[in-house]
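One structure is given below, encoded as structure tokens.
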Amino acid sequence: MTAWARAIDTGWLVRDEVPGPGVDEFAEPAEVTEALAAVPAGQDTLLAVQHPHRTPAARAAGLSLAAALPAARETLDRLCAKDYRRVDRVVAAYRAAGPDGVAEGVLCVVEPAAVDPDGTLRVRPGEQVYPEVVAERAAVLAGLGCATSAAMLVPVHEGARLTEAVRMVIGAAGEPSAAAVDPGGNEHLLWLLGPGGAQDRLLAEVRRGPLLVADGNHRVAAAERAGGGLVALVTAGPDLHIGAIHRALAGTGLGTAELAAAWRGCGLTVTETADPVGPETPGTVVVRPIARPADPGLVVRLPDGHGPRPRIDHELVEHVLLAEALGLDPAGEHVRALPEGHPAERDVDVLLRLAPVPYADVLAVHEQGRRMPRKATYFTPKPRSGLLLADLGDNAASAELRR
């Protein structure tokens, strides 16, 4: 029986730089479309492989995702031949370090549907997901038969053992097999390990216990839907950071005056502020006007009596401030998740700024068998997409072309 965490049977390691633009930098489809529009004609990029229906050519031809996938497979074949070299039966010891924290772990293939003998999942989702995003990513994954980016999974227990094992392997491995620096100044290094004792030790540590999805819940759900594995960075840090993910309201025409009236009408405490930054701790939301910058900012105190503890601000915002008070669908077109540091798009009316979720709250929610709200946690440093691609065996014809 195939192990639920295993080596990459056939992969491709980047020779120099990932053929950009950077695939990790975009929070919304509109940003991807804009980035692809700026790529010179005839230049192959990994971003076009991941979002083939958002390229200028596909948009001009009115292609659906399914219709655009054959061109994406051809682009991937060219990239593998030109910008990558083939590797076989490998895992990677991985280290990302910089302003966003430190993550030392193992890049390998993980089966998201694997279960323990008692029937519980070995890979446990951390957040709820957007079904349409899962469907899109599953279609791309099944159509390509190749994973181009990695999820981030954290051990639920005894993570320090994994960190120690990775450090020992890195210390004996010499020069890294690939290196990159992301736009945030974080350095990413990986060391390929073929079959042997070091690989076996790292995979044994990965398989010691259940893994919680820290980043990439949509990737994990897409892999399960597509019926195959996924590439994951399994890491316990030792210095993972959780950044804030805010909510932007777009195309509503609402300003802070209308919002304040609606929320006060629901019994919430709302005050004006001239300095709409923060918050640093859970319990309040700070509203910054975007479309009408002269409007005052707001501070909204979240209700204390909703749901089990720990209460997650994102859930209260979506259910109380948006759905109940404003009649907005939290998963609809007018509400967007915006990670801290990402610019608001031009059609955004206001930005609802939320505090980062404490890691202790993330673990407590998991222990209760609950899931975090969608797009509530922004774990860093994330694994850099495109450094190591993995054939997942579902597209034998395309894989054969890349051999």
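Predicted model only: the values in this text are computed from it and were never measured.
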### Query
Does NZ or CZ of K382 fall inside the cone over Y378's six-membered ring, less than 6.0 Å from its centre and within 45° of the axis?
yes

Is a side-chain N or O of [X] found less than 3.5 angstrom from the main chain of [Y], in a donor-acceptor match?
X	Y	result
N186	A96	no
H241	D100	yes
T256	P296	yes
H334	A250	yes

Is it true that atom [atom1] of [X] has more than 12 heavy atoms of other residues, nucleotides or ligands lying nearer than 6.0 Å?
X	atom1	answer
R15	CZ	yes
E280	CD	no
R207	CZ	yes
Q368	CD	yes
E132	CD	yes
R59	CZ	no
R78	CZ	yes
R85	CZ	no

### Query
Between T273 and D275, does any side-chain donor sit less than 3.5 Å from a side-chain acceptor?
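Short answer, no.
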
### Query
Any luck finding a side-chain donor-acceptor pair between E340 and H246 under 3.5 Å?
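A donor-acceptor contact under 3.5 Å links the two side chains.
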
Is [X] salt-bridged to [Y], cutoff N-O under 4.0 Å?
X	Y	result
R311	D304	yes
E31	R54	no
D391	R86	no
E164	R167	no
R374	E127	no
D347	R336	yes
D116	R122	yes

### Query
Run the side-chain contact (heavy atoms from CB on, under 4.5 Å) check on L240 and T380 step by step: do they pass?
CA-CA 6 Å; L240 296 179; T380 60; over 6 Å; no

### ring-ring contact (aromatic ring centres under 6.0 Å, His included) involving H218 - partner list, sequence neighbours excluded
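With neighbours one apart ignored, the set is Y130.
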
### Query
Looking at P112 and L230, what are the two nearest heavy atoms and their distance?
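Looking at all heavy atoms of both residues, the shortest contact is CD-CD2, 3.6 Å.
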
### Message
I need the C146 SG to Q50 CD distance, nearest 0.5 Å.
### Response
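Reported to 0.5 Å precision, the distance equals 10.0 Å.
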
### Task
To the nearest 0.5 Å, tell me how far L153 CG sits from R124 CZ.
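If I round to the nearest 0.5 Å, the distance is 12.5 Å.
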
### Task
Please list, chain by chain and in numerical order, all residues satisfying side-chain hydrogen bond (donor to acceptor under 3.5 Å, both in side chains) with T163, sequence neighbours excluded.
none

### Query
So among V234, I170, L190, T235, which one has a side-chain contact (heavy atoms from CB on, under 4.5 Å) with Y94?
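The side-chain contact (heavy atoms from CB on, under 4.5 Å) with Y94 is passed solely by L190 among V234, I170, L190, T235.
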
